[in-house]
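First the structure, in the form of structure tokens, and then the observations on it.
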Amino acid sequence: RRLPSCRPLVALPSGEVGRRLMASAASARASGADHAPGRTAAGALHELPALPEWPVTEAQFRALTFETLLLCTHLGSQALGSEESELLTRMLRRELGPSGDALDQMLRHLNNSGLGESGSSLVEVPAANRPFLHYRFLLLTAGRPHHFERFVDFQQWVERQLVTFLCGLLCLTQTVQLSTWELPGFPLSKLELQRTLKRSFRECYRQYVIGATGLEDFRDKEYTSSLSKLNMLVHSVYNTLYENGLWPEALQYKLAYPYPLSVTVYRVLLLATFSEHGGGVGGGGVEVAEAAAPAVEGALVEARASGAVTASSDEANRMHLVSALWHCRSALRITPLQHSLCLLWASWSTLRRNPKDLAMAEAIHRRVPWAPGPADAPEEAHLFASVVSKLQGWLQARLSDSHEHLEASPPELVAAMLKAHLVLRVAASRTDRSSSEMEGEHGAAAARARSAAHGITHAGNGDTSRGGGGGGRAAGGPGG
């Protein structure tokens, strides 16, 4: 199915490998249903940025997102304060399931106490390197089936580490302006490098992870050899960056999650602070969200009527959680504008799940940030345009057909949505105006440069029809 924030999904390969991949996806959906009861879109597939060929289930997508939260915040260690640790632990248990088994297993499989062995490279990695991208690859080199209770858990864990690290590597190569990437023995273009990375990682996963059905036919030696080849390929990318004076921290294993992977992960973490009564990651479509809205609204009304939950306590807990996510913003290098846009997106996703939430409708227009200027980074302008256009289109569709979508809604709700739509229109026009002004300045500068070049050319030819001769005399006289 087509998801609102993704391109059409790419079909999985056919044949025996394709059947095993489909079986793995079905198993992941089943396990996701166990860990996240009540999720209406638990079987939906999600694409990661720059990696449409490898869609993952919602259960896998959520799991890799919360793994990033654990790695960025060092949850389970002494790096966090007691209050922040309690808030994040409560949120994770709410998202992963009522029991603590899922969270405990996730923690165990993300540190050296759960995966480290004698001679393992993970044992020597300092804890300060956990929030960075390359730690995912180090996890791969250390994890083996005997570290997991079930072989299917190992398969799903490997997929999460592979797709997260590969997606970050592809996002990084997209942002770097290099025409040639040096691999051992031959150079590659950017497109050829990306194809090589995708093919190499997918072959490792297909042949040695999905290609096995259990411990009895898992080929540990071949799998380790395949990981060694991937390691050589990854370090070739790092060396190319270093030799061109780019991202020197890559060779120090301190490469942060690049854009847009960082924003993709962070906005789901931010949305989790709003989803106190279930709900998916916001990618299941407006129809799914609206279908689940009555149950969500009923749960909220019942809880607030009993006095267990109040609107003020909801907002206070939410703001505490947003503050606790500062550790993720720092590790993922989320800028203030990106944080504001992710907060706007999370507010919109919450409103889609509960379209009659007046407080959230009123919050949307307050959370529209200022448009990025010409001096801001290009990824901020890209994210601003993406979020604003999608939110504006959704509000436009509901307001233009108010009899279907807003019938029997209070006037305050319609007014709040209309105000949000007007604020978004102003923000979008401000972005368009700044872009056109920037293009106009560039055009005027180019015209002035062409005019100056034209005058210099005539002066050099001794043409006095446009003042070129005068310029030549002033520069050095007739004989000069």
Side-chain angles (χ1 to χ4, degrees), residues 3 5-6 25 28-29 31-33 35-36 39-51 54-76 87-97 102-103 105-107 109-110 130-133 135-136 139 153 156-168 170-171 256-276 278-284 321-322 324-334 338-339 341-343 345-346 349-350 353 383:
L3 303 178
S5 60
C6 301
R29 287 194 293 270
S31 64
H35 292 305
R39 305 287 180 190
T40 57
L45 292 178
H46 293 266
E47 292 180 12
L48 291 174
L51 196 57
W54 199 335
V56 296
T57 63
E58 181 181 344
Q60 286 285 79
F61 182 61
R62 292 173 60 80
L64 69 88
T65 300
F66 295 133
E67 283 176 342
T68 307
L69 170 63
L70 292 174
L71 293 173
C72 289
T73 58
H74 300 277
L75 194 63
L87 283 171
L88 293 173
T89 302
R90 192 186 311 158
M91 182 189 76
L92 284 170
R93 287 182 173 167
R94 183 186 69 229
E95 294 296 314
L96 295 173
L103 178 58
Q105 290 180 13
M106 188 174 287
L107 279 169
H109 296 147
L110 292 177
R130 292 178 63 186
F132 298 105
L133 182 64
Y135 189 81
R136 296 281 194 164
L139 288 173
D153 295 334
Q156 295 170 8
W157 180 86
V158 168
E159 183 187 33
R160 293 197 298 271
Q161 313 316 315
L162 277 175
V163 297
T164 305
F165 180 72
L166 176 58
C167 175
L170 293 173
C171 292
Y257 289 66
Y259 177 88
L261 176 60
S262 58
V263 171
T264 302
V265 170
Y266 179 70
R267 69 179 187 178
V268 178
L269 293 178
L270 200 57
L271 178 60
T273 67
F274 288 80
S275 58
E276 298 195 8
V281 296
L321 277 172
V322 171
L325 288 179
W326 174 85
H327 300 277
C328 284
R329 291 196 293 275
S330 177
L332 297 174
R333 296 185 181 178
I334 299 293
Q338 290 174 348
H339 165 71
L341 290 169
C342 290
L343 185 63
W345 180 87
S349 299
T350 306
R353 287 202 306 267
L383 181 63

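Values below: every heavy atom of this structure, side chains too, minus hydrogens, waters and symmetry copies.
Between the side chain of Thr273 and the backbone N or O of Leu270 there is at least one donor-acceptor pair closer than 3.5 Å. The main-chain N or O of Ser262 is never found under 3.5 Å from a side-chain atom of Arg333 such that the two would form a donor-acceptor pair. Without hydrogens or angle criteria, Thr350 side chain to Ala346 main chain gives a donor-acceptor distance under 3.5 Å. Distance alone, capped at 3.5 Å, places no donor-acceptor pair between the Tyr257 side chain and the Ala331 backbone. Panel note: side chain Gln60, backbone Gln156; a donor-acceptor pair is recorded below 3.5 Å.
Here the CG atom belonging to Leu107 is positioned 10.0 Å from the CD atom belonging to Glu67, to the nearest 0.5 angstrom. Here the SG atom belonging to Cys171 is positioned 9.5 Å from the CG atom belonging to Leu166, to the nearest 0.5 angstrom. Put simply, CE on Met106 and CG on Leu96 are 5.0 Å apart, with the number rounded to the nearest 0.5 Å. Taken to the nearest 0.5 Å, the CZ atom of Arg353 stands 5.5 Å off from the CG atom of Leu271. In this structure, Leu261 CG and Leu332 CG are separated by 8.0 Å, a value rounded to the nearest 0.5 Å. Going from atom CG of Leu139 over to atom CG of Leu162 covers 11.0 Å, rounded to the nearest 0.5 Å.
In this structure, Arg136 and Leu71 have side chains that are in contact, with non-hydrogen atoms separated by less than 4.5 Å. Within the 4.5 Å cutoff, side-chain heavy atoms of Leu75 are placed close to those of Leu92. Side-chain contact between Leu269 and Phe66 is present, with heavy atoms from C-beta onward closer than 4.5 Å. Contact check for Thr73 versus Leu325: no side-chain heavy atoms found under the 4.5 Å cut-off. Leu88 places none of its side-chain heavy atoms less than 4.5 Å from the side chain of His327. Between Phe274 and Leu321, the closest side-chain pair of non-hydrogen atoms is not below 4.5 Å. Inter-residue side-chain proximity for Val322 and Arg329 is flagged as met; some heavy-atom pair is nearer than 4.5 Å. Using a 4.5 Å heavy-atom threshold, the side chains of Trp345 and Ser349 count as touching.
Residues Leu70 and Arg130 share a closest heavy-atom pair of O-NH2, 4.1 Å. Between Arg267 and Thr264, the shortest heavy-atom contact is CG-O, 3.6 Å. Closest heavy-atom contact between Arg94 and Ala272: NH2-O, 2.5 Å. Contact between Val263 and Cys342 at its shortest, heavy atoms only, is CG1-SG, 3.7 Å. Considering all non-hydrogen atoms of both residues, Pro131 and Cys72 come closest at CB-CA, 3.9 Å.
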Trace of the side chain to side chain contact (heavy atoms under 4.5 Å, CB included) decision for Leu45 with Val56
CA-CA 5 Å; Leu45 292 178; Val56 296; over 6 Å; no
Does Tyr259 form a side chain to side chain contact (heavy atoms under 4.5 Å, CB included) with Gln338? I'd like the steps, not just the answer. CA-CA 10 Å; Tyr259 177 88; Gln338 290 174 348; 3.9 Å; yes
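Relative orientation of the Trp157 and His109 rings is perpendicular, given thresholds of 30° and 60° on the angle between their planes.
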